[in-house]
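The structure appears right after this line, and notes come after that.
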Amino acid sequence: MDKIPGIKVYAPATVANVAVGYDILGFAIFGPGDDIKVSQGTEPGLTISMIHNGYNKLPKDPLKNTAGVAALSVMEAIGKSDFPVNFEIIKNMPFASGMGSSAASAVAGAMGINEFFGNPLTKMELLPHAMKGEQVADGAYHADNVAPSLLGGITLIRSNEEHDVIKLPSPEGLYCCLIHPNIKILTADSREILSDKVDLNSFIKQTGNLGAFVASLYRLDLDLLERSLQDVVIEPQRAKLIPHFYDLKEIALSNKALGFSISGAGPSLFALCRNSLDAENVGKGIKAFLKENNIKSTVYISKINNEGAIKY
Ligand code: HSE
């Protein structure tokens, strides 16, 4: 039997929730993300030989690893469970950061296997497999990081259970400033503090904002987007997990951010901006404030990544 040539895949970091869509909205950015080198292994089934960049604590057992679980699920679906395959995982973003780290691994795992075997499944068909992988990380089944990392762009999930995902238009010129303060928040902990009740007034405001946000993308109307990016349900509950959250928000908005909120479960924060200059100014202002308060941070400036996961 001829050896199948090795390949590499990249799955990008993502901003989930996007202020008004808890568990149902997300977008992908360029830059940080996870890479996986996929090659033919030496023993039947999937092995993970290496996880690079200091992630020694992540399990190499494929059954406990987000990329591994996603990949095993794809292998089973395409009838290749016993084929020898090996992963080398290269994580290029911080863990427990709110940047979709576990989702990027899961997407790269599913995508890597699919590419290795010559693409038997479409990207959309890979979604449930990647979701299964991400579920290992926080126990919940939601695609708001996985869908944009896989498919690219801004994605809306009508139903996580039914994998009903809609890719929304990304207005040209829209920039994201993503700030990662050097603190860790586990997604499971950040979900645990949320009330399972929403009062009717907040429900009305949040659904109005969500609908208007989606409309603003179709209308390419950034003024409407600016009015819509207000989370009255989740952000007020999670803000206390992030030191100086409301000072940071004021800095972002005074530097012309269209909106500012928590990226995913935090601690990362994001601003959407009209152009790269505004995004850079937001990043500089926030980084300087965090430094004055003895918190190191990393700032990423990016357009919306419309492509999502790729083989390279
Ligand atoms: N929607 C998720 C949350 C994203 O906010 O908990 C993080 O996995």
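These numbers were taken from a predicted model, which means no experiment stands behind them. Both ligands and their constituent atoms are indexed starting at 1 by order of listing. Every heavy atom of this structure was used, including side-chain atoms; hydrogens, water molecules and symmetry mates were not.
The nearest heavy-atom contact from the protein to atom 3 (C) of ligand 1 is Arg191 NH1, 3.2 Å. Scanning the protein heavy atoms around atom 8 (O) of ligand 1, the nearest turns out to be His142 CE1, 3.1 Å.
Atoms of ligand 1 lying under 4.0 Å from any heavy atom of Asp144, numbered from 1 in the order shown and given with element: 1 (N), 2 (C), 4 (C). Annotation for ligand 1: atoms under 4.0 Å from non-hydrogen atoms of Arg238 are 3 (C), 5 (O), 6 (O). Interface atoms of ligand 1 facing Asp23, defined by a heavy-atom separation under 4.0 Å, are 1 (N), 2 (C), 3 (C). For ligand 1 and Asn17, the ligand atoms under 4.0 Å from any heavy atom of the residue are 1 (N), 2 (C), 3 (C), 5 (O). Atoms of ligand 1 lying under 4.0 Å from at least one heavy atom of Asn145, given by number and element, are 4 (C), 7 (C), 8 (O).
For the side chain to side chain contact (heavy atoms under 4.5 Å, CB included) with Ile286, the lone residue among Leu248, Asp247, Asn281, Asn255 that qualifies is Leu248. When each of Ile304, Leu277, Ile301 is tested with Tyr175 by the rule side chain to side chain contact (heavy atoms under 4.5 Å, CB included), just one qualifies, namely Ile301.
A salt bridge does not link Lys8 with Glu115: every distance from a Lys NZ or Arg NE/NH1/NH2 to an Asp or Glu carboxylate oxygen is 4.0 Å or more.
Checking Asn92 against Asn53 by side-chain atom types alone, a donor-acceptor pair falls below 3.5 Å. Using modelled atom types, one finds no donor on one side chain facing an acceptor on the other under 3.5 Å when comparing Tyr22 with Asp144.
Between Ile157 and Asp23 the shortest heavy-atom distance is CD1-O, 4.2 Å.
An N or O contact shorter than 3.5 Å is missing between Thr187 and ligand 1 by distance.
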